[in-house]
2 protein chains.
Amino acid sequence: MKELEDIIKSSSPIPLRKKTVLNIAYSNIWMKDVTGSILKNFDISSEQFNVLRILRGKKGIPANLQDIQNRMINKMSNTTRLVDKLILKGLVERFTCEKNRRKVEIFITQDGLKLLKQLDPIIEQAEADLTSNLTETELVQLNELLTKLRK
Amino acid sequence: MKELEDIIKSSSPIPLRKKTVLNIAYSNIWMKDVTGSILKNFDISSEQFNVLRILRGKKGIPANLQDIQNRMINKMSNTTRLVDKLILKGLVERFTCEKNRRKVEIFITQDGLKLLKQLDPIIEQAEADLTSNLTETELVQLNELLTKLRK
DNA sequence: CACTAACACTTGTATATACAAATAATGTAA
DNA sequence: TTACATTATTTGTATATACAAGTGTTAGTG
């Protein structure tokens with residue numbers, strides 16, 4: 001059970017509020033490293049994976065860029081280029097919306113769905129591993145604290 | 001008190017373990033947005049700020065790149081370029097180490113120290129604000145849960 | 001001493017993020 | 001219907017991150 005002070009090699013204890021901010025940041029990096037390195041074997045980034053899952057969630061209904069952005073964890077100032085890369089990989093398709101030609105309609109392809117199906121159990125296992133040191137009760141508590149933290 | 005499901009507009013509840021991973025990620029982004037936008041007014045990024053604080057912590061003892069990397073939250077695959085940018089701003093100096101010419105010696109300048117002195121109370125206030133919705137006891141609990149999470 | 005491996009850092013390439021400006025389509029008001 | 005603002009997306013520029021390859025220096029071996 002490594003304390004934050006050991007991780008960043010701080011000689012003096014870090015004040016509680018600063019420590020909380022750093023602890024959340026470090027935990028996030030730690031988790032993203034794990035899932036990111038799994039996804040790397042499948043040649044997609046965490047962010048691209050996220051977009052794919054959002055599109056699958058639409059179940060065939062077209063998504064425009066705003067839809068995707070609204071559902072993303074990090075608000076993403078550049079979903080255009082993220083979608084571009086998924087198109088190059090054949091995982092996604094984009095058409096201009098004929099009803100409103102300013103908009104685009106983005107769909108996940110069969111290949112995209114197939115990739116997600118392959119990844120689902122692997123990512124689920126990774127999430128289970130990442131959280132295996134806490135009991136269900138502790139996990140609920142952690143989620144409640146984070147939600148309260150943000151107001 | 002916004003639940004994660006509302007934030008990412010998920011129609012169905014997210015399983016506990018996945019939710020925990022996402023909740024930590026979202027909390028981190030939320031906090032980094034706040035501190036990042038403060039630092040932006042002073043023309044440095046969170047990462048550059050982090051390097052400056054590490055150098056101040058050395059109290060005049062030279063730091064090489066590995067020292068800095070060891071103390072950084074995100075292990076940073078490219079401290080060279082981060083230091084390059086701080087040098088351009090006159091906040092940091094770099095010399096080759098004469099004892100071992102493979103190494104470098106990096107120092108914070110007077111201007112760098114002055115900037116940090118100016119930022120200290122502002123960042124402290126931001127951290128206080130970011131964590132103001134939790135009591136001291138809850139913050140301790142949150143830190144304990146995060147530490148236990150990582151083993 | 002030459003040869004080789006290890007070390008410390010730098011550079012190159014690709015992706016993601018932040019913000020601003022540009023473009024194109026649509027809506028609105030005179 | 002023209003003019004102007006708004007909307008939806010794209011493009012440009014800068015920073016940060018990830019990983020691999022390259023450079024120069026030092027250490028170790030015969």
Side-chain angles (χ1 to χ4, degrees), chain A residues 25-26 28-52 62-70 72-89 91-106, chain B residues 25-26 28-52 62-70 72-89 91-106:
Chain A
Y26 184 73
N28 182 44
I29 288 166
W30 169 70
M31 296 187 310
K32 219 189 152 193
D33 265 12
V34 172
T35 51
S37 73
I38 292 173
L39 292 173
K40 218 194 146 238
N41 300 319
F42 296 85
D43 262 308
I44 59 167
S45 65
S46 310
E47 295 74 14
Q48 292 173 14
F49 178 58
N50 196 14
V51 171
L52 282 183
N64 56 42
L65 282 176
Q66 295 183 325
D67 292 334
I68 297 175
Q69 280 172 342
N70 286 337
M72 289 184 77
I73 290 286
N74 42 353
K75 43 187 180 330
M76 260 312 287
S77 45
N78 227 320
T79 316
T80 298
R81 285 183 271 232
L82 214 37
V83 169
D84 285 346
K85 277 159 201 159
L86 289 169
I87 290 172
L88 282 177
K89 293 174 187 164
L91 303 172
V92 147
E93 288 176 311
R94 175 177 49 200
F95 309 96
T96 43
C97 172
E98 287 309 323
K99 289 220 162 188
N100 183 343
R101 299 177 46 76
R102 286 173 299 189
K103 291 192 182 183
V104 292
E105 293 186 335
I106 301 162
Chain B
Y26 185 72
N28 182 42
I29 288 165
W30 168 71
M31 296 187 310
K32 217 185 151 195
D33 265 13
V34 171
T35 51
S37 74
I38 292 172
L39 292 173
K40 219 193 145 238
N41 300 319
F42 295 85
D43 263 307
I44 58 167
S45 65
S46 310
E47 295 75 14
Q48 292 174 13
F49 177 58
N50 197 12
V51 172
L52 283 184
N64 57 41
L65 281 177
Q66 295 182 326
D67 292 334
I68 296 176
Q69 280 171 341
N70 286 337
M72 288 183 79
I73 290 287
N74 42 353
K75 45 188 179 326
M76 259 311 287
S77 45
N78 226 319
T79 317
T80 298
R81 285 183 272 232
L82 214 37
V83 169
D84 284 346
K85 277 160 201 160
L86 290 169
I87 290 172
L88 282 177
K89 293 174 188 164
L91 303 173
V92 147
E93 287 175 310
R94 175 176 48 199
F95 310 95
T96 43
C97 172
E98 287 310 323
K99 289 219 162 188
N100 184 342
R101 299 177 46 75
R102 286 174 296 190
K103 292 192 183 183
V104 292
E105 295 186 334
I106 302 161

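Because the structure is predicted, anything quoted here is derived from the model rather than measured.
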Self-check item: Sequence-aligned protein contact record of nucleotides 6-12 of chain C, with B where the base is within under 4.0 Å of a protein heavy atom and S where only the sugar-phosphate is
Solution: BBSSBBB

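Between the C1' atom of dT17(D) and the CG atom of N50(B) lies a distance of 14 Å, rounded to the nearest Å. Separating the NZ atom of K40(B) from the P atom of dT15(D) is a distance of 12 Å, rounded to the nearest angstrom. For the pair D43(B) CG and dT13(D) P, the computed distance is 19 Å after rounding to whole Å. One atom, CG of L88(B), and another, C1' of dT15(D), lie 13 Å apart when rounded to the nearest Å. Rounded to whole angstrom, the span from the CZ atom of F49(A) across to the P atom of dT15(C) amounts to 19 Å. Here dT17(D) presents its C1' atom at 14 Å from CG of N28(A), a figure rounded to the nearest Å. Taking atom CG of residue D33(A) and atom P of nucleotide dC19(D), one finds them 8 Å apart after rounding to whole Å. One atom, CZ of R101(B), and another, P of dT23(D), lie 18 Å apart when rounded to the nearest Å.
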Exercise. Report the C-alpha separation of I44(A) and L91(A) in whole Å, then their side-chain angles, then the decisive distance to 0.1 Å, and conclude whether the side-chain contact (heavy atoms from CB on, under 4.5 Å) test is met.
Key: CA-CA 10 Å; I44(A) 59 167; L91(A) 303 172; 4.0 Å; yes

Quiz item: Should T80(A) and D84(A) be marked as a side-chain contact (heavy atoms from CB on, under 4.5 Å) after you check the CA-CA gap, both sets of side-chain angles, and the distance that decides it?
Solution: CA-CA 6 Å; T80(A) 298; D84(A) 285 346; 4.0 Å; yes

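T96(B) contributes atom OG1, which lies 8.0 Å from atom CD of E105(B) (distance to the nearest 0.5 angstrom). The distance from the CD atom of E47(B) to the CZ atom of R81(B) is 14.0 Å, given to the nearest 0.5 Å.
Counting only heavy atoms from C-beta outward, the side chains of L86(B) and R94(B) never approach each other to under 4.5 Å. V51(A) has its side chain within reach of M72(A): a pair of non-hydrogen atoms, C-beta onward, lies under 4.5 Å apart.
Nearer the 5' end of DNA chain D, as judged by each residue's closest nucleotide, is the contact made by S46(B), out of K99(B) and S46(B).
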